[in-house]
Amino acid sequence: MNILYTNFHAAATIGGHSIYILSLLRALASHHNLMVAVPDGCGLARMAGDIANVRVISQEYPSRFFKRLRAARQLRRVIREQQIDVIHVNGSADHRTVMQACAGLGHKRPRVVFTKHNDLPISAIGAAWRARLCTDHVIGVCRYIEPMLRQSPYARLPISIIANGVCGQRFQPWSTDATHAARLGLLGSRAADCRLLVGSNAGTNDYKGWMDMVNGLASLGEQARGVYVALAGAYPNAEQMQALQATGLADRVIFTGPLDDVRPFLAALDLGFVLSYRVETISFACREMMAMGLPVIVSDQAGLPENITPGHDGWIVPRRDPQAVADVMRGVLQDPASLKAMGRAARRKSVEEFSVEAFSRQTEQVYLSLARVADTPKLQPRMS
């Protein structure tokens with residue numbers, strides 16, 4: 001099949017959308033013709049270009065109507081020239097442009113798959129147009145958002161819940177020596193003073209809740225001596241640094257900046273966390289940490305609890321509740337040896353339930369089901 005992935009994010013950093021598409025590209029490139037249409041200079045374009053048999057196409061997804069018309073005409077040429085069978089869209093911005101690009105193609109219109117990646121409300125008017133004119137199948141990445149989809153205009157379409165998968169060979173626990181080297185690389189001279197290193201690769205936006213970890217540790221006072229926090233993602237802005245300085249723990253929080261490869265960062269950690277309080281679903285970050293053999297503390301936001309068996313491979317705390325985080329960390333500091341067994345349990349769950357093989361196979365089955373529908377003469381594409 002000729003499959004085109006679209007994504008509107010123009011940032012040079014790698015976020016959840018990019019990881020999602022990269023995972024599918026790596027898994028499916030050997031037996032389909034895959035293309036990805038994304039803005040120049042974005043992180044996804046850079047990393048997709050390193051995958052064999054994947055073609056990267058420069059494509060913008062502007063918000064202004066007339067600019068979007070020009071972008072849609074460009075995308076339509078790609079669709080026709082590459083004889084695209086399936087387009088997999090990943091947000092409303094690229095979905096709108098794809099809808100305009102497909103207008104008037106009639107029976108030659110590619111089948112369109114839309115993945116809902118976040119827990120934000122679905123715009124009834126916008127979704128109604130996209131569902132009617134240019135969507136053939138919808139994927140939700142966690143059970144939490146299934147009711148949201150089934151109460152939206154997308155309810156008239158086939159809906160599949162396919163949770164994000166992680167490559168267990170790419171993400172796996174490191175040896176003791178490699179872990180020690182990664183820890184020294186991250187902490188430097190502070191390694192000697194560190195008795196516990198907690199961290200997150202979920203990013204540093206405020207809504208990721210990382211300050212709840214810092215505030216929780218600050219409330220423990222001397223009990224948290226020697227506990228460091230490491231964060232992968234954009235460096236903090238002035239307002240975030242001011243809030244961090246007020247906790248008195250700024251010298252124990254390490255910012256790495258954006259990372260294309262988070263594995264050395266994760267290998268250095270003892271414990272992971274994802275404490276989001278909005279814009280969340282299942283979290284690649286959480287599943288990557290678990291695959292690396294880390295127990296994870298998550299908030300009860302959206303689909304995050306679907307990852308964790310409390311007390312077995314991690315903990316679930318109420319969102320925006322630093323005291324609940326402090327209670328978990330107090331227990332960890334009283335029994336740090338338990339982290340090893342919990343990390344092994346997290347790894348087992350990752351291998352058994354979070355595999356990229358199941359994720360890519362189920363997604364591929366969606367594509368193949370649409371190809372069969374397209375080949376059935378009596379079924380007509382849904383066009384106005």
Side-chain angles (χ1 to χ4, degrees), residues 1-62 67-68 70-91 93-95 97-98 101 110 112-115 117 139 141 164-172 201-203 232-234 256-266 284-285 287-288 291 356-357 359-361 363-364 366-367:
M1 300 181 71
N2 298 324
I3 303 170
L4 176 66
Y5 295 90
T6 64
N7 189 36
F8 65 91
H9 287 291
T13 54
I14 297 296
H17 285 207
S18 299
I19 297 171
Y20 180 90
I21 296 170
L22 287 167
S23 299
L24 291 171
L25 294 176
R26 291 178 179 130
L28 301 178
S30 62
H31 46 293
H32 294 288
N33 299 316
L34 304 185
M35 288 149 273
V36 56
V38 288
D40 277 336
C42 72
L44 178 55
R46 183 180 69 253
M47 296 191 69
D50 293 333
I51 303 173
N53 303 319
V54 171
R55 180 179 175 185
V56 179
I57 298 165
S58 174
Q59 177 67 46
E60 298 296 325
Y61 300 98
K67 288 185 177 181
R68 193 163 71 238
R70 288 196 293 271
R73 284 195 292 269
Q74 176 184 325
L75 187 59
R76 183 182 301 191
R77 287 194 295 271
V78 172
I79 292 168
R80 285 173 164 165
E81 291 170 3
Q82 302 301 321
Q83 300 180 43
I84 300 299
D85 299 305
V86 171
I87 304 177
H88 192 152
V89 301
N90 291 275
D94 50 311
H95 202 166
T97 302
V98 167
V112 176
V113 178
F114 163 59
T115 291
H117 286 280
I139 295 174
V141 297
N164 299 340
V166 175
C167 179
Q169 293 181 320
R170 181 175 173 80
F171 290 90
Q172 60 179 305
N201 58 318
T256 68
L259 300 174
D260 280 353
D261 186 356
V262 297
R263 290 173 296 174
F265 170 81
L266 297 180
F284 267 112
R287 293 191 162 202
E288 289 168 351
V356 73
E357 291 81 10
F359 162 61
S360 60
R361 183 177 63 252
T363 306
E364 183 184 33
V366 170
Y367 302 156

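The first residue of the sequence shown is numbered 1, and numbering continues consecutively from there. Because only heavy atoms are used, hydrogens play no part in the values below, and waters and symmetry mates are left out as well, while side chains stay in. None of these values were measured; they are calculated from a predicted model.
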Asks: How long is the span from the NE2 atom in His88 to the CG atom in Asp94, to the nearest 0.5 Å?
Replies: 9.5 Å
Asks: Who passes salt bridge (Lys or Arg N to Asp or Glu O under 4.0 Å) against Asp260, sequence neighbours left out?
Replies: Arg46
Asks: Would Val38 and Tyr5 count as a side-chain contact (heavy atoms from CB on, under 4.5 Å) if you check the C-alpha gap in whole Å, the side-chain angles of each, and the deciding distance to 0.1 Å?
Replies: CA-CA 8 Å; Val38 288; Tyr5 295 90; over 6 Å; no
Asks: Is any side-chain heavy atom of Val356 less than 4.5 Å from a side-chain heavy atom of Arg26?
Replies: no
Asks: State the CD1-CG distance between Ile51 and Leu22, to the nearest 0.5 angstrom.
Replies: 5.0 Å
Asks: Kindly indicate whether the side chain of Pro110, heavy atoms from C-beta on, has any atom under 4.5 Å from the side chain of Ile79.
Replies: yes
Asks: Would you name the heavy atoms of Glu60 and Asp40 that are closest together and state the gap between them?
Replies: OE2-N, 3.8 Å
Asks: Restricting to non-hydrogen atoms, name the atom on Val36 and the atom on Ile21 that form the minimum distance, rounded to 0.1 Å.
Replies: CG2-CG2, 4.4 Å
Asks: Check whether any side-chain heavy atom of Arg70 sits under 4.5 Å from a side-chain heavy atom of Arg73, and report yes or no.
Replies: yes
Asks: When you measure from the side chain of Asp85 to the backbone of Asn2, do you find a donor-acceptor pair of N or O atoms at a distance under 3.5 Å?
Replies: yes
Asks: Indicate yes or no: at least one non-hydrogen side-chain atom of Phe284 is less than 4.5 angstrom from one of Ile14.
Replies: no
Asks: Could you tell me the separation between the CG atom of Asn33 and the CG atom of Leu28, rounded to the nearest 0.5 Å?
Replies: 12.0 Å
Asks: Between Gln172 (side chain only) and Gln169 (backbone N and O only), is there a donor and an acceptor less than 3.5 Å apart?
Replies: yes
Asks: Taking all non-hydrogen atoms of both residues, which atom of Ala29 and which atom of Val54 are closest, and how far apart?
Replies: CB-CG2, 3.9 Å
Asks: Just verifying a value: how many Å separate Asn164 CG and Leu24 CG, rounded to the nearest 0.5 Å?
Replies: 9.0 Å
Asks: Are any non-hydrogen side-chain atoms of His95 and Val112 less than 4.5 angstrom apart?
Replies: yes
Asks: Checking the side chain of Gln59 only, and the main-chain atoms of Ala71 only, is there a donor and an acceptor separated by less than 3.5 Å?
Replies: yes
Asks: Before you tell me yes or no, could you show the steps for Tyr20 and Val141 under side-chain contact (heavy atoms from CB on, under 4.5 Å), namely the whole-Å CA-CA distance, both residues' side-chain angles and the distance that decides it to 0.1 Å?
Replies: CA-CA 10 Å; Tyr20 180 90; Val141 297; 4.0 Å; yes
Asks: For Gln82 and Leu4: C-alpha separation, side-chain torsions, deciding distance, then whether side-chain contact (heavy atoms from CB on, under 4.5 Å) applies.
Replies: CA-CA 9 Å; Gln82 302 301 321; Leu4 176 66; over 6 Å; no
Asks: Set out, in order, the CA-CA distance, both residues' side-chain angles and the distance that settles side-chain contact (heavy atoms from CB on, under 4.5 Å) for Val89 and Tyr61, then state yes or no.
Replies: CA-CA 12 Å; Val89 301; Tyr61 300 98; over 6 Å; no
Asks: So which heavy atom on Gly165 is nearest to which on Phe359, and how close?
Replies: N-CG, 3.4 Å
Asks: Taking all heavy atoms of Ala27 and all of Ser30, pick out the closest pair and write down the distance.
Replies: O-OG, 4.5 Å
Asks: Answer with yes or no whether the side chains of His17 and Asn90 bring together a donor and an acceptor at under 3.5 Å.
Replies: no
Asks: If you round to the nearest 0.5 Å, how far is OG1 of Thr97 from CZ of Arg68?
Replies: 6.0 Å
Asks: Which heavy atom in Cys42 sits nearest to a heavy atom in His9, and how many Å separate them?
Replies: CB-O, 3.5 Å
Asks: What distance do Arg55 atom CZ and Leu34 atom CG have between them, rounded to the nearest 0.5 Å?
Replies: 13.0 Å
Asks: Check whether any side-chain N or O of His32 sits under 3.5 Å from a backbone N or O of Met1 as a donor-acceptor pair, and report yes or no.
Replies: yes
